[in-house]
2 protein chains.
Amino acid sequence: METPTLSRRDRERLMRRRAMLDAALVVFAQKGYEGATLDAIAERAEFGKGTIYNYFPDGKEEILFALFDEMFGGIATLIQTHFEEEAHQSQHAREAFRDLIARLLNHFTENRETFFLLIKEAQRLMLTQHDHVATLHRRRDRTIDALVAPIEHAIEKGELRAFPPQVIAHMLMGNVKGYLMYAHSECHPEDTHEFASLDEAAEFITSILFDGLLPRD
Amino acid sequence: METPTLSRRDRERLMRRRAMLDAALVVFAQKGYEGATLDAIAERAEFGKGTIYNYFPDGKEEILFALFDEMFGGIATLIQTHFEEEAHQSQHAREAFRDLIARLLNHFTENRETFFLLIKEAQRLMLTQHDHVATLHRRRDRTIDALVAPIEHAIEKGELRAFPPQVIAHMLMGNVKGYLMYAHSECHPEDTHEFASLDEAAEFITSILFDGLLPRD
DNA sequence: TCACTAGGTGACTGGCTGGTCATTTGGCGA
DNA sequence: TCGCCAAATGACCAGCCAGTCACCTAGTGA
């Protein structure tokens, strides 16, 4: 994973690109894609606007898709590494997925901007006719695909009911996103129920998803 | 529910307002709020742009919030009337909610634009700091509130596990939205599993939500 | 020290769009 | 038929912003 043979030039180039992407993520997450201005991104990254075009010749949209790439890549990696860990290979599916859900909640809590980008922009774009929607779907499907194998495995072991794995994967991710959406409605905290910790929240989501809402006798 | 004492003038006024809202809904759903132009809305509604300001003095945003009003109102009404019907009062919770889910799927399928507006814009706005976010939350909570009473009732009858009703309500709506999002990913139909009918899809969602993913012995 | 160049910069531009308002239209009462 | 007024209209304006490019800077090698 190291990048040993990289000239100072190239390293600096990468650093600058990084800085631009970091700045853009924050601005996009705050203002949304349309509401974000390149001037704001440039200012936050401490570059002139023109410089950004040296790194992202196609401008605003290229930056957005670079961020999507990183975002979905990050999620897919998180899922893959989770299931590669031996601990979770011997676990019962319910526990393995509960731990995964906890990790995902953690990931999105620590990377709040990533979560906002996912909800506000990726979601919106995927329901829009747009040249790059197909690309976007492919990126997202990497995260779904990372889930399918473990789900299939669990079904074979008889630890999961035999629904289409794709669909289960979507439901799982959907419920994590849904829970976080709910947790962010803290604008009017009177009504909202809050969990003490992310682990507790993960156990709750898992319980709904795996045990179901019906009382088990 | 009739409007008997309304002058022709007033009736025409309402008709025009309606036409504008209908046009705006389609344009917003297609292009998104930022991408939609008043010119496009005006053209679709077959009015001059200036005329729109006679009906919505505060312009674009007022139109958007009027649409949100109708949207959440419609969903809340659907839920309320569903549980007011005698048939569902005697049913077991699982069946009553399955039928509700089927109705919701139907509603969003028949009003595809409403669904897009909900996903693309309401979702986005609710995660944004904005003067009217509180208003928006209140509107959405009408739909949640309509669910809370039946859920509490079901819990009392021992037909549902005793989770916080608010949270269950959110999960339920979230799963309906999530399923529809998934069903709309039909861009690349190779992978996606499709249900033969909305009723079947409703039964599937219900089964996940109520019975859980674990095999029941 | 100087010439060269890679690349950073931000003033500028062209296109777009929300909102305005002077003008037109048409319905209605006299 | 005429005059009046409420309401419709769309040309116009002002502000905004993505993207450009002529200029500048600082690092380098001779």
Side-chain angles (χ1 to χ4, degrees), chain A residues 6-68 121 124-125 128 130-132, chain B residues 6-68 121 124-125 128 130-132:
Chain A
L6 225 46
S7 66
R8 187 176 55 84
R9 256 255 238 307
D10 287 342
R11 263 180 287 125
E12 280 180 359
R13 231 192 131 68
L14 278 179
M15 293 287 291
R16 299 212 173 112
R17 203 185 133 91
R18 219 356 338 115
M20 288 174 191
L21 286 175
D22 289 342
L25 176 59
V26 174
V27 177
F28 281 146
Q30 270 175 9
K31 312 276 186 189
Y33 177 71
E34 313 269 4
T37 68
L38 276 186
D39 284 300
I41 296 173
E43 193 184 355
R44 193 178 176 94
E46 294 178 284
F47 286 102
K49 177 156 62 160
T51 312
I52 293 187
Y53 284 86
N54 286 340
Y55 291 80
F56 301 94
D58 290 341
K60 214 180 170 188
E61 202 171 81
E62 185 178 352
I63 300 178
L64 182 68
F65 278 84
L67 285 173
F68 283 151
E121 300 308 323
R124 184 177 62 80
L125 262 180
T128 307
H130 181 290
D131 303 345
H132 300 293
Chain B
L6 223 49
S7 66
R8 186 176 55 83
R9 255 261 234 303
D10 287 341
R11 263 181 287 123
E12 280 180 359
R13 228 191 132 68
L14 278 179
M15 293 286 291
R16 299 214 173 110
R17 203 186 132 91
R18 232 323 10 102
M20 290 176 191
L21 286 175
D22 288 343
L25 176 60
V26 174
V27 177
F28 281 147
Q30 269 175 8
K31 311 277 186 187
Y33 177 71
E34 314 268 4
T37 68
L38 277 185
D39 284 301
I41 296 173
E43 194 184 353
R44 192 175 179 96
E46 294 176 284
F47 286 101
K49 175 156 63 157
T51 313
I52 294 187
Y53 284 86
N54 287 339
Y55 291 80
F56 300 93
D58 290 341
K60 213 179 172 189
E61 203 171 81
E62 184 177 354
I63 301 178
L64 181 68
F65 278 85
L67 285 173
F68 282 150
E121 300 308 323
R124 184 177 62 80
L125 262 181
T128 306
H130 181 291
D131 303 346
H132 299 292

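Keep in mind that the numbers below use all heavy atoms, side chains included, and drop hydrogens, waters and symmetry copies. Reminder, nothing fancy here: chain letters follow the sequence lines and each chain counts from 1. This one's a predicted model, so the numbers in the text were calculated from it and none came from an experiment.
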*What's the spacing between A/Glu12 CD and A/Arg8 CZ if we round to 0.5 Å?*
4.5 Å
*asked:* In terms of relative ring orientation, are B/Phe68 and B/Phe65 parallel, tilted or perpendicular, with 30° and 60° separating the classes?
replied: perpendicular
_Reported CD1-to-NZ distance for the pair A/Ile41 and A/Lys31, which is rounded to 0.5 angstrom_ = 11.5 Å
*Rounded to the nearest Å, what distance is computed from the CD1 atom of residue B/Ile52 to the P atom of nucleotide D/dA8?*
11 Å
*In whole Å, what is the span from the OH atom of A/Tyr53 to the C1' atom of D/dC23?*
19 Å
*Return the set of residues passing ring pair (Phe, Tyr, Trp, His ring centres under 6.0 Å) with B/Phe56 (not counting sequence neighbours), or none when no residue passes.*
none
*asked:* What's A/Arg13 touching, base or sugar-phosphate or nothing? Going by heavy atoms closer than 4.0 Å.
replied: nothing
*asked:* Within this structure, what is the CE-CG distance for the pair A/Met15 and A/Asp10, rounded to the nearest 0.5 Å?
replied: 13.5 Å
*Quick one: which residue pairs count as a salt bridge (Lys or Arg N to Asp or Glu O under 4.0 Å) with a foot in residues 19-28 of chain A, not counting sequence neighbours?*
A/Arg18-A/Asp22
*Return the residues of residues 29-50 of chain A meeting this criterion: a heavy atom under 4.0 Å from some atom of DNA chain C. Order them by number, or give none.*
A/Phe47, A/Gly48, A/Lys49, A/Gly50
*Tell me the side chain to side chain donor-acceptor pair (under 3.5 Å) pairs involving residues 33-58 of chain B, sequence neighbours left out?*
none
Are any protein N/O atoms closer than 3.5 Å to N/O atoms in nucleotides 25-30 of chain D? If there are, list each pair with its distance.
| from | atom 1 | to | atom 2 | distance (Å) |
| --- | --- | --- | --- | --- |
| D/dT28 | OP1 | A/Arg8 | NH2 | 2.9 |

*Does A/Asn54 have a side-chain nitrogen or oxygen under 4.0 Å from the phosphate oxygens OP1 or OP2 of C/dG8?*
yes
*CG on B/Leu14 to CZ on B/Arg11, rounded to 0.5 Å*: 10.0 Å
*Atom-to-atom span, CZ of B/Phe56 to P of D/dA7 - whole angstrom*: 15 Å
*asked:* OP1 or OP2 of C/dG8 versus the side-chain N and O atoms of A/Tyr55: is any pair under 4.0 Å?
replied: yes
*Identify which nucleotide among C/dG18, D/dG19, D/dA8 has an atom closest to any side-chain atom of B/Lys60, counting heavy atoms from C-beta outward.*
C/dG18
*Mind checking what makes salt bridge (Lys or Arg N to Asp or Glu O under 4.0 Å) contact with A/Arg9, not counting sequence neighbours?*
none
*How close or far is atom P of C/dT20 from atom CG of B/Asp58, stated in whole angstroms?*
9 Å
